[in-house]
Protein chains: 2
Amino acid sequence: MAKYTINDVAKAAGVSKATVSRYLNGRFERMSLATRRKIKAVIADLGYVPNYNASALKSKRSHQIGVVVGDVSNVYSTFLIKGISGVTRTRQDQILIADGGEDPQQETVAIKNLLSQNVDGIILQPARPDASGYQFLKDAGVPVVLVDRLLRPLLFPCVTSNDTASGKLLAQAALEKGYQNVIVLSHPVDQATVRYERYRAFAAVCRGANIPINLLEVEDADDVSGLRAALDAAQSMKSVIFATNGILLMAALRWLQQQQIAVPKQVGLCGYDDWNWGELANPPLAVVNQNPEKIGREVALRLEQLIAGKEVFVGRTEVPAEVHIRESL
Amino acid sequence: MAKYTINDVAKAAGVSKATVSRYLNGRFERMSLATRRKIKAVIADLGYVPNYNASALKSKRSHQIGVVVGDVSNVYSTFLIKGISGVTRTRQDQILIADGGEDPQQETVAIKNLLSQNVDGIILQPARPDASGYQFLKDAGVPVVLVDRLLRPLLFPCVTSNDTASGKLLAQAALEKGYQNVIVLSHPVDQATVRYERYRAFAAVCRGANIPINLLEVEDADDVSGLRAALDAAQSMKSVIFATNGILLMAALRWLQQQQIAVPKQVGLCGYDDWNWGELANPPLAVVNQNPEKIGREVALRLEQLIAGKEVFVGRTEVPAEVHIRESL
DNA sequence: TTGAAAGCGCTAACAT
DNA sequence: ATGTTAGCGCTTTCAA
């Protein structure tokens, strides 16, 4: 693979490989300017590229951090990665992306693979809230920070959106418009603490206003036809749909358009928008934007601290979301 | 890091580490079922995780492939990664994502980092079309496949969308609606062959129909206000805007809405849509969808072949795009 | 069918 | 300011 080794550089520069190693690791303190320049020239000349596998073997630092997301094609993950990448790039670290597939088994395989690669740390959007499935990760002794979803008990530091607060704001805005019935469209709420919090926030506001709330759980965003029954059940009461993530929000709008149900005239719509298109939709959508890139930066900073050996509070850090009320309500 | 090594497993199982290594690499051909079972039990018992850095050092296979995209937060990249990830997962490979930042220097640093990590191969969406800046990659001898953009000369196999064909279809659809002036909104066309092809396809159709075409190049999708002057210059001629990528398409629609310019009544709009929201926009947009997930699969398959030592045609493979004509024209 | 031993490219004492 | 040396955890001949 690598054409030249540290030995080749050492020979060509007429120094020992220890000196070259010092050069590579930026320990110039007690190195003559002459050898420093010489080594630099030789490296450029040969096009030498150091082998991190070898250095990781010795130094226990791979300069790689693992990121396990639920679904790489989700735009939320995209911005998350962007945020993480901005932080790690300045640290010369690379990010190893693994797709957990929202599936505990696939996720476990992915995490073990990352451990095998000796990542310096892991950022994890866990597929399930039960901490017992992650004990092996804790035992591995690798720095871990959770993102977007909590574990019970927490086990690791965690960065999320302020879901309860944003959910409440959105719910209040919806109820002010006079809806008499609420339909929450979500993936199974007991599989992710955050979904549950969003649902709970909505439910709390509805209860306060004495408005009925129905939970419609779907496994797959491709089929939200269950909305039909939920709307029928509401009879003459005017309904608003609350989608707990961007995929479902998009799916709901698509379905409403196909069914030729006017929004917000016949049915209201609001939800979480990670895709930044809510403003451009027809009609413009009332949404919460979570600012996932910021979340990514925050989580990466915490991980870097852990890797540097600093203490990090094992608790939840909330990044404030933005709530945009628009015509869909 | 890893708590146990192959030595610990060997001792606990009462065999040599060579035997454990054979087990780990699935070479069971001439291994007694007893030892095989014994090793399996010990590994499970200890929770042993192999160290890929060490194995990579010896075997020259890191089971990592590098992916360099122009911008990780672009939805195109997202689906690309999804497609790649589906292929690599079945091969037990991990993907190292690097953000090239659409900047040759940052990209070069990213690629060198990937080489240092001894990736088995690289998938690259190059920031610039000039092959000379990538000679060092060619020299490194690592398998490389290009995606989305070509190099001149090509140097590596490449997978893209069929841009000329889809651009022509979109252009023809636009001109059939009777527009008298075309504005192409693009990032600098000479920095990416594919953008240039899209522009050229449009230009060719316009030339055939004797319709004037104006190229508006922007550096940053956050500022598309140059559209104002372009529209003014058209005077009374009815204009259609063609955005050469999803970000600009979104930016254009946002700008038109802010300026309260009715689409398609006053100005037509069409372009490339990697975000899958064209259908839901107001108005629904006439777009080309490139199918980036398919592109990701194709490019990953080619890379895996190269890694496996097979020959791959150093030429362009085109994945057909879908053209959707909708109300925005 | 299994083991012994050399070595992959690098780092980090310890010398000098 | 620089060199010597002993590994890091694994794979892979070669031998048994």
Side-chain angles (χ1 to χ4, degrees), chain A residues 1-40 42-43 46-64 92 113 115-120 140, chain B residues 1-40 42-43 46-64 112-113 115-120 140:
Chain A
M1 181 115 335
K3 286 159 52 178
Y4 296 103
T5 74
I6 199 173
N7 257 316
D8 301 318
V9 176
K11 262 177 227 158
V15 297
S16 77
K17 54 181 191 165
T19 304
V20 179
S21 172
R22 286 186 194 106
Y23 173 89
L24 291 173
N25 292 287
R27 287 196 290 274
F28 307 125
E29 307 94 53
R30 293 171 302 199
M31 185 183 298
S32 76
L33 204 57
T35 49
R36 180 169 169 182
R37 284 210 185 110
K38 181 72 188 160
I39 293 173
K40 181 172 182 186
V42 169
I43 287 179
L46 296 179
Y48 164 75
V49 177
N51 180 335
Y52 284 1
N53 282 314
S55 84
L57 194 54
K58 202 67 227 193
S59 69
K60 307 294 175 204
R61 275 277 262 154
S62 64
H63 291 281
Q64 296 188 165
Q92 311 236 47
N113 256 321
L115 293 176
S116 277
Q117 301 282 8
N118 292 304
V119 289
D120 296 331
Chain B
M1 180 111 338
K3 286 159 52 179
Y4 297 104
T5 73
I6 199 172
N7 258 315
D8 300 318
V9 176
K11 263 176 227 159
V15 297
S16 76
K17 55 182 191 163
T19 304
V20 179
S21 172
R22 287 187 193 105
Y23 173 89
L24 291 174
N25 293 286
R27 285 196 292 273
F28 309 126
E29 307 95 52
R30 294 171 300 199
M31 184 183 298
S32 76
L33 204 56
T35 50
R36 178 171 171 179
R37 284 208 185 111
K38 180 72 187 161
I39 293 172
K40 180 173 184 181
V42 169
I43 287 178
L46 296 179
Y48 164 76
V49 177
N51 180 336
Y52 284 1
N53 281 314
S55 80
L57 193 53
K58 217 44 241 186
S59 68
K60 307 296 174 203
R61 274 279 263 154
S62 63
H63 291 281
Q64 295 187 166
K112 290 204 169 154
N113 258 322
L115 292 177
S116 278
Q117 301 283 7
N118 292 305
V119 290
D120 296 331

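Below, read A as the first sequence line, B as the second, and so on, with proteins coming before strands; counting in each chain starts at 1.
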Nearest heavy-atom neighbours spanning B:D120 and B:S62: OD1-N, 2.9 Å
query: Relative to the 5' end of DNA chain C, which residue comes earlier, B:L57 or B:T35, by the nucleotide with the nearest heavy atom?
result: B:T35
message: I need the NZ-P distance between B:K17 and D:dG7, as an integer number of Å.
response: 13 Å
query: At under 4.0 Å between heavy atoms, what does B:Y23 touch on the DNA or RNA strands: base, sugar-phosphate, or nothing?
result: nothing
field: Candidate nucleotides D:dC10, D:dG3, C:dT11, ranked by approach to the side chain of B:I6 - the nearest
entry: D:dC10
- request: State, yes or no, whether a side-chain contact exists between B:Y4 and B:I43 at a heavy-atom distance under 4.5 Å.
  value: no
task: May I ask you to say what B:V20 touches in the nucleic acid, namely base, sugar-phosphate or nothing, with a heavy-atom cut-off under 4.0 Å?
output: nothing
message: What's the separation between atom OH in B:Y48 and atom CD1 in B:I39, rounded to the nearest 0.5 Å?
response: 11.0 Å
- request: Determine the contact category for A:R27: base if any of its heavy atoms lies under 4.0 Å from a base atom, sugar-phosphate if only primed atoms, P, OP1 or OP2 are that close, otherwise nothing.
  value: sugar-phosphate
task: Classify the nucleic acid contact of B:F28 as base, sugar-phosphate or nothing, counting any heavy atom under 4.0 Å across all strands shown.
output: nothing
statement: To the nearest angstrom, the CG-C1' distance between B:N51 and C:dG9 comes to 14 Å
message: I want to check one thing: is the phosphate of C:dG9, taken as OP1 and OP2, less than 4.0 Å away from some side-chain N or O of B:K60?
response: yes
message: Distance check needed: C:dT2 P versus B:R22 CZ, whole Å only.
response: 9 Å
- request: Examine the base of C:dG7 for any acceptor or donor lying under 3.5 Å from a partner atom in the side chain of B:K58, and report the outcome as yes or no.
  value: yes
- prompt: What is the nucleic acid contact for A:N53, judged by heavy atoms within less than 4.0 Å: base, sugar-phosphate only, or nothing?
  reply: nothing
statement: To the nearest angstrom, the CG-C1' distance between B:L24 and D:dG9 comes to 11 Å
- prompt: Does the side chain of A:Y48 get closer than 4.0 angstrom to OP1 or OP2 of C:dC10 through an N or O atom?
  reply: yes
query: Over how many whole Å does the gap from A:M31 atom CE to D:dT2 atom P extend?
result: 7 Å
- prompt: So, is B:S59 close to the D:dT11 phosphate, meaning a side-chain N or O under 4.0 Å from OP1 or OP2?
  reply: no
field: Residue-phosphate contact under 4.0 Å: A:T5 side-chain N/O, C:dG9 OP1/OP2
entry: no
- request: Check whether more than 12 heavy atoms from other residues, nucleotides or ligands sit under 6.0 Å from atom CZ of B:R37, and answer yes or no.
  value: no
message: Tell me whether A:S116 contacts the main-chain N or O of B:P50 through its side chain, where contact means a donor paired with an acceptor under 3.5 Å.
response: yes
query: Is there a donor-acceptor contact under 3.5 Å from the side chain of B:N25 to the main chain of B:R27?
result: no
message: From the set D:dT12, C:dG9, D:dC10, return the single nucleotide nearest to any side-chain atom of B:A54.
response: D:dC10
query: Can you find a side chain N or O atom of A:S55 that sits less than 4.0 Å from OP1 or OP2 on C:dC10?
result: no
- prompt: Hey, is the side chain of B:S21 poking within less than 4.0 Å of OP1 or OP2 on D:dT11, counting only N and O atoms?
  reply: yes
- request: Ignoring backbone atoms, test whether B:T19 places a side-chain nitrogen or oxygen under 4.0 Å from the OP1 or OP2 oxygen of C:dT2.
  value: no
- prompt: Between B:R37 (CZ) and C:dT1 (C1'), how many Å, whole number?
  reply: 16 Å
task: Check every strand shown and say whether A:S32 touches a base, only sugar-phosphate, or nothing at a heavy-atom separation below 4.0 Å.
output: sugar-phosphate
query: To the nearest Å, how far apart are B:E29 CD and C:dT2 P?
result: 12 Å
- prompt: Can you check the B:I39 CD1 to C:dT2 P distance for me, whole Å?
  reply: 8 Å
